[in-house]
Amino acid sequence: MAANAANSGLRLHAGSMDDEESQISGRSKIQPASTPGQENWIVDTDQKKQQLPPTISDILGLDDLFSLEVWRASVGELLGTAVLVFMLDTIVISTIESDIKMPNLVLSALAAIIITILLLAVHPVSGGHINPIISFSAALVGIISLSKALIYIVAQCIGATLGALALKAVVSSTIEQSFSLGGCTLTVVTAGPNGPVEIGIGTAQAFWLEIICSFIFLFASIWMAYDHRQAKELGHVLVFSIVGVVLGLLVFVSTTVTTQKGYAGAGMNPARCLGAAIVRGGRLWEGHWVFWAGPGIACVAFYLYTKIIPRNHHRSKAYDHDFYNIVKVVFRNQGERKD
């Protein structure tokens with residue numbers, strides 16, 4: 001009895017046993033038992049590991065750069081952005097080309113529908129960004145890491161280029177030249193009574209429109225997707241429908257308030273502007289920085305807004321990749337090096 005008790009005290013059930021090895025050896029494995037002191041030491045070590053402050057690698061999410069799942073998800077961003085650019089630029093050309101009284105209104109309505117459908121299609125794959133503004137803003141808030149945002153933005157830019165190439169392949173050279181592949185333009189050159197005339201808006205006006213429209217886009221629609229409470233209550237279909245409607249309204253407002261031909265309206269999607277500029281070139285590069293700098297500033301302003309308002313008002317999670325946490329880790333590491 002004492003021997004059996006001693007043997008049973010030596011057995012440690014830690015995981016499943018190898019059946020093949022058990023059959024070959026004809027006996028079960030005997031593992032040395034750990035003393036209570038050793039078990040406590042293991043638990044304490046795990047707790048200490050969990051309490052260790054995150055490193056800059058953890059905060060930046062550098063593991064995402066080597067994650068096959070992230071790269072596979074980026075394919076959804078690539079294809080979604082390609083379809084978005086092809087469809088939106090086609091809508092821009094067709095509505096302006098058609099002989100209707102308010103082409104910008106039709107353009108805005110069709111854009112809202114297309115954006116909603118594509119967001120619903122891409123969301124299960126990658127989260128449904130298809131826009132560098134959403135990816136960069138999500139990285140600042142901390143929903144995704146900066147590394148993942150970088151992969152997504154690169155995929156979106158490649159997809160936008162492919163979408164512009166597809167559009168160029170199906171339209172005539174006359175339409176391509178007349179409408180600049182439906183890209184983001186500040187001014188265009190048109191025939192005037194005394195020769196070619198440049199029409200459009202100034203760089204400063206377009207810059208402010210990009211900042212304001214992009215911030216409203218984030219404030220009025222995207223924040224509902226960031227807020228888990230609202231996203232759950234409203235559902236993805238309604239949230240993405242609101243995102244599409246808000247974008248459509250902003251396109252309508254930006255093209256109506258300027259009342260200037262030659263200005264294609266607020267881009268609010270730098271990748272879409274880049275794709276047409278790469279494929280078509282020419283005047284699409286003039287003032288192209290506006291379509292990146294404006295939304296970038298809007299993303300930073302929106303992030304500051306999320307840090308100012310009380311958390312109990314929107315009940316959002318405290319995300320590990322929050323940009324503020326990145327700054328804290330950087331300064332903490334610098335302080336440790338000086339010490």
Side-chain angles (χ1 to χ4, degrees), residues 77-93 95-96 104 107-108 110-111 114-115 118 129-137 149-150 152-168 171 175-189 200-218 222 247-248 250-255 258 260-299:
E77 290 294 313
L78 187 151
L79 293 177
T81 310
V83 175
L84 175 69
V85 169
F86 180 83
M87 295 299 296
L88 281 183
D89 291 354
T90 303
I91 291 172
V92 170
I93 295 172
T95 52
I96 297 176
N104 53 345
L107 166 64
S108 303
L110 293 177
I114 292 298
I115 291 169
L118 288 176
H129 293 195
I130 58 178
N131 189 335
I133 293 180
I134 299 178
S135 297
F136 183 47
S137 176
L150 177 63
Y152 275 15
I153 292 173
V154 170
Q156 291 157 4
C157 291
I158 295 173
T161 305
L162 294 177
L165 283 171
L167 180 61
K168 182 179 180 179
V171 299
I175 292 179
E176 177 188 348
Q177 184 175 1
S178 302
F179 297 96
S180 300
L181 281 179
C184 305
T185 57
L186 302 183
T187 60
V188 296
V189 176
I201 66 172
T203 304
Q205 186 179 2
F207 181 61
W208 280 110
L209 275 170
E210 285 295 324
I211 295 175
I212 295 170
C213 290
S214 297
F215 181 83
I216 294 174
F217 167 53
L218 293 168
I222 295 301
L247 272 174
L250 289 171
V251 170
F252 176 76
V253 169
S254 63
T255 53
T258 57
Q260 290 289 335
K261 293 183 178 180
Y263 175 56
M268 293 178 291
N269 190 327
R272 185 180 79 84
C273 300
L274 180 65
I278 290 176
V279 175
R280 174 61 186 165
R283 300 188 65 85
L284 289 176
W285 287 115
E286 295 183 9
H288 179 75
W289 64 271
V290 167
F291 301 106
W292 286 91
I297 293 173
C299 288

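Nothing here was measured: the structure is a model prediction, and the numbers come from that model.
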How close do [X] and [Y] get, heavy atom to heavy atom, and via which atoms?
| X | Y | result |
| --- | --- | --- |
| Cys213 | Leu250 | O-CD1, 3.3 Å |
| Cys157 | Leu274 | SG-CD2, 3.7 Å |
| Gly265 | Phe291 | O-CE2, 4.3 Å |
| Ala293 | Phe207 | CB-CE1, 3.8 Å |
| Ile130 | Gln156 | N-NE2, 3.7 Å |
| Leu118 | Gly80 | CD1-O, 4.1 Å |

Atom pair [atom1] ([X]) and [atom2] ([Y]), whose distance is rounded to the nearest 0.5 Å:
| X | Y | atom1 | atom2 | result |
| --- | --- | --- | --- | --- |
| Ile114 | Phe86 | CD1 | CZ | 11.0 Å |
| Glu176 | Lys168 | CD | NZ | 4.5 Å |
| Leu284 | Leu186 | CG | CG | 9.5 Å |
| Leu88 | Leu110 | CG | CG | 9.5 Å |
| Thr81 | Ile158 | OG1 | CD1 | 10.5 Å |
| Ile153 | Ile133 | CD1 | CD1 | 10.0 Å |

Quick one: are [X] and [Y] in side-chain contact, heavy atoms under 4.5 Å?
| X | Y | answer |
| --- | --- | --- |
| Phe136 | Leu150 | no |
| Thr185 | Tyr263 | no |
| Thr203 | Glu286 | no |

Under 3.5 Å donor-acceptor, [X] side chain and [Y] backbone:
| X | Y | result |
| --- | --- | --- |
| Thr95 | Val92 | yes |
| Glu210 | Gly267 | yes |
| Ser254 | Ala266 | yes |
| Glu77 | Ala155 | no |

Go through it in stages, so that I can follow the logic: the residues are Asn269 and Leu84, the test is side chain to side chain contact (heavy atoms under 4.5 Å, CB included), and I'd like the CA-CA distance, side-chain angles, deciding distance and then a yes or no. CA-CA 10 Å; Asn269 190 327; Leu84 175 69; 3.5 Å; yes
Side chain to side chain contact (heavy atoms under 4.5 Å, CB included) between Leu167 and Val85: does it pass, once the steps are laid out? CA-CA 9 Å; Leu167 180 61; Val85 169; over 6 Å; no
Could you walk me through whether Cys299 and Leu218 pass the side chain to side chain contact (heavy atoms under 4.5 Å, CB included) test, one step at a time? CA-CA 8 Å; Cys299 288; Leu218 293 168; 4.0 Å; yes
Ring-plane angle category for Trp285 and His288, please: parallel below 30°, perpendicular beyond 60°, tilted otherwise.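 Trp285 vs His288 ring planes: perpendicular.
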Evaluate the ring planes of Tyr152 and His129, with Trp represented by its six-membered ring, and classify them as parallel (under 30°), tilted (30 to 60°) or perpendicular (over 60°).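 Ring orientation, 0 to 90° scale: perpendicular.
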Decide yes or no on side chain to side chain contact (heavy atoms under 4.5 Å, CB included) for Met268 and Val251, but give the supporting numbers first. CA-CA 9 Å; Met268 293 178 291; Val251 170; 3.9 Å; yes
